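Positions are given from 1 along the sequence. Here the structure is a predicted model, which is why all the values come from computation and not from measurement.
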Amino acid sequence: MELIGSTLTATYARPKTSHFLPAISTMASSYRNTQPALAMNPSANLWRTNNYYKSAVPAPSSIQRENFDLVRAKTMFYPSNRTALSTRYTPDDWYKSNQNNYRESESSRNSAERLRRDTIRLMQDREQVTRRTQENTSKNIGERLNDIVFWKSELSHEIDNMVTEIAALSEVKRRLERALAETAGPLQVSQECLYHREKRMSIDLVHDDVEKGLIKEVEVIKSCQERMRRLVERAIAQLASNRAAQHELERDMSDKVTAQRIDDRCHHLRNTSDSIGYYRGIERLDPSLSLPDSWSKFTDDNILLSQGERAASHKLRDEIEILLNTTSNDMWNQFNNVNIAFTNRISETADAKNSLQTHLAKTLQEIFQTEMLIESLKRALRDKECPLKVAQTRLEERTRRPNVELCRDNPHHRLVSEVREIEDTIQKLQERLTEAENTLQNLVKTKVVLEHDLSVKANSLFLEQEKCMSMRKSFPSMPRLVGYT
């Protein structure tokens, strides 16, 4: 770890100076007033001291100020004077120089000892701080791992619930689709029944209760199909929303698994681990995309979104169940009503057919009797021909009587009366024959009408019994109408 700031060692930093010899100013005071100083070039006096005290002497300006206190002899510089110039320190200077070195040495040792103690204490303190910081960091990573484990468990629980909900909604959707497919058969049956009943003839082509029921049945089935289709579309959209929420949960779970693996590896890192190394400047890199609050809120929002989608999915499943029960009941009730109407109509038609057959039988019997009557009347008319001929022949023969014999006597009156009587009988029989023949024609017409009506009724019974009711036997059961196989 790179430490930023000043350390305690900065307290002990000072300019390093040489204490082997006293400063020039000190040495100058040792030979002050001993003898007149020689007047010479100042730069010549510095040839030795400048080299000796090169690292510690002040600037030349300060040297000049200190040399103003010295009494220099106004002498010329010669090479023979070099020895006298290099040995111009006194014993006091030597003694003081030693004392100064001792004091400086003791001071340096004390400073070094104090520095050593402080440094050891600093290292111990820093070691404790480093260990405590590392422990706190490990504790924080452990707490972070606990948070990740907690949210992982929440995510896992929510994912399991969502998977269960998706499976339940998918099953209900399949049931709804099967129920929708099952309604195609009843709708086709109802439409074919209407189509077959259009083949009824004559007076039987009536807008009866059966036709009204079939039309209503078609409307009920189509209405149920429309409601089912809308719920199928809603179920498809809800499944897409559920899977999107599940995808977000699984992606969040995957990220947390990766984060847990990384943090767990970090949590188990020790100073003796093999996988540690230097990564300079890594502390200045901040690739974070979230804060603890936003991190937990992100997962919490995903869970809340999933819970909301599950609640909507559960509500939709309830609606589908209610719709399946409602539509199945509606279709079955209408189916039963139409069947009852069919049964009643078939019974009425059968009764009408039986009545027609009875009347036809009676009509046929009456036609037979009328024909017999006509034969009798014709025979009676034929029987009256001879008596009429006899009476008219007698009258004609008696008109040949001569003279006064041509008398209007009683026989004449009886013959005239007989002829008239016979003619009146013939006329009446002829009238009755005409009436009988007209009656016979009416009876024949009635027979034709009855026979036609019987054929109409037979056709209606065939259509309703054989065509319609035979198809309506294949109406789906209640479990199939609610989507069960």
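Of the N and O atoms on the side chains of Thr326 and Asn329, not one donor lies less than 3.5 Å from an acceptor on the other residue. Residues Ser313 and Arg317 bring no donor and acceptor atom of their side chains to less than 3.5 Å of each other. When only modelled atom types and interatomic distance are considered, Gln334 and Asp330 share no side-chain donor-acceptor pair under 3.5 Å.
At a threshold of 4.0 Å, the pair Arg131-Glu127 counts as salt-bridged, since one of the basic side-chain nitrogens sits closer than that to a carboxylate oxygen. Under the 4.0 Å criterion applied to side-chain N and carboxylate O atoms, Arg121 and Asp118 are assigned as salt-bridge partners. A salt bridge links Glu171 to Arg174: one of the charged nitrogens lies within less than 4.0 Å of a carboxylate oxygen. Glu321 has a carboxylate O that lies under 4.0 Å from a charged side-chain N of Arg175, or vice versa, which qualifies the two as a salt bridge. Asp252 and Lys256 are joined by a salt bridge, as a carboxylate oxygen and a charged side-chain nitrogen come within less than 4.0 angstrom of each other. A salt bridge links Arg230 to Glu226: at least one charged side-chain nitrogen sits closer than 4.0 Å to a carboxylate oxygen. Ion pair Glu248/Arg251 flagged as a salt bridge, since at least one NZ, NE, NH1 or NH2 atom sits closer than 4.0 Å to an Asp/Glu carboxylate oxygen. Salt-bridge formation is not detected for the pair Lys139/Glu135: no Lys NZ or Arg NE/NH1/NH2 atom is positioned less than 4.0 Å from an Asp or Glu carboxylate oxygen.
For the atom pair CG (Asn459) and CG (Leu463), the distance works out to 4.5 Å, reported to the nearest 0.5 Å. Here the CG atom belonging to Leu454 is positioned 5.5 Å from the CD atom belonging to Gln357, to the nearest 0.5 angstrom. Atom CG in Leu239 sits 9.0 Å away from atom CD in Glu165 (nearest 0.5 Å). Rounded to the nearest 0.5 Å, atoms OG (Ser460) and CZ (Arg197) are 8.0 Å apart. For the atom pair CD (Gln260) and CH2 (Trp151), the distance works out to 15.0 Å, reported to the nearest 0.5 Å. To the nearest 0.5 Å, the span separating CG on Leu145 from NE2 on His268 amounts to 8.5 Å.
Taking 4.5 Å as the limit, some side-chain heavy atom of Arg243 sits within range of a side-chain heavy atom of Ile166.
Partners of Asp263 by side chain to side chain donor-acceptor pair (under 3.5 Å), not counting sequence neighbours: none found. Scored by the side-chain contact (heavy atoms from CB on, under 4.5 Å) test, Ser294 finds Ser290, Leu291 as partners (sequence neighbours excluded). In this structure Ile215 satisfies the side-chain contact (heavy atoms from CB on, under 4.5 Å) test together with Leu194, His207, Glu211, Glu219, sequence neighbours excluded.
Tested against Asp204 for a salt bridge (charged side-chain N to carboxylate O under 4.0 Å, His left out), the candidates Lys457, Lys199, Lys353 yield a single pass: Lys457.
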Q. Asn100 and Ser97: side-chain hydrogen bond (donor to acceptor under 3.5 Å, both in side chains), yes or no, with the steps?
A. CA-CA 5 Å; Asn100 288 333; Ser97 176; over 6 Å; no

Q | Stepwise ring pair (Phe, Tyr, Trp, His ring centres under 6.0 Å) check, Trp332 with Phe335 | A | CA-CA 5 Å; Trp332 258 104; Phe335 172 75; 5.3 Å; yes

Q.
side-chain contact (heavy atoms from CB on, under 4.5 Å) for Asn242 and Leu169? Distances and angles first, verdict last.
A. CA-CA 10 Å; Asn242 289 352; Leu169 183 58; 3.7 Å; yes

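Environment of CD in Glu250: crowded, with over 12 heavy atoms of neighbouring residues, nucleotides or ligands closer than 6.0 Å. Shown here is Leu269, whose CG atom has more than 12 heavy atoms of other residues, nucleotides or ligands within 6.0 Å.
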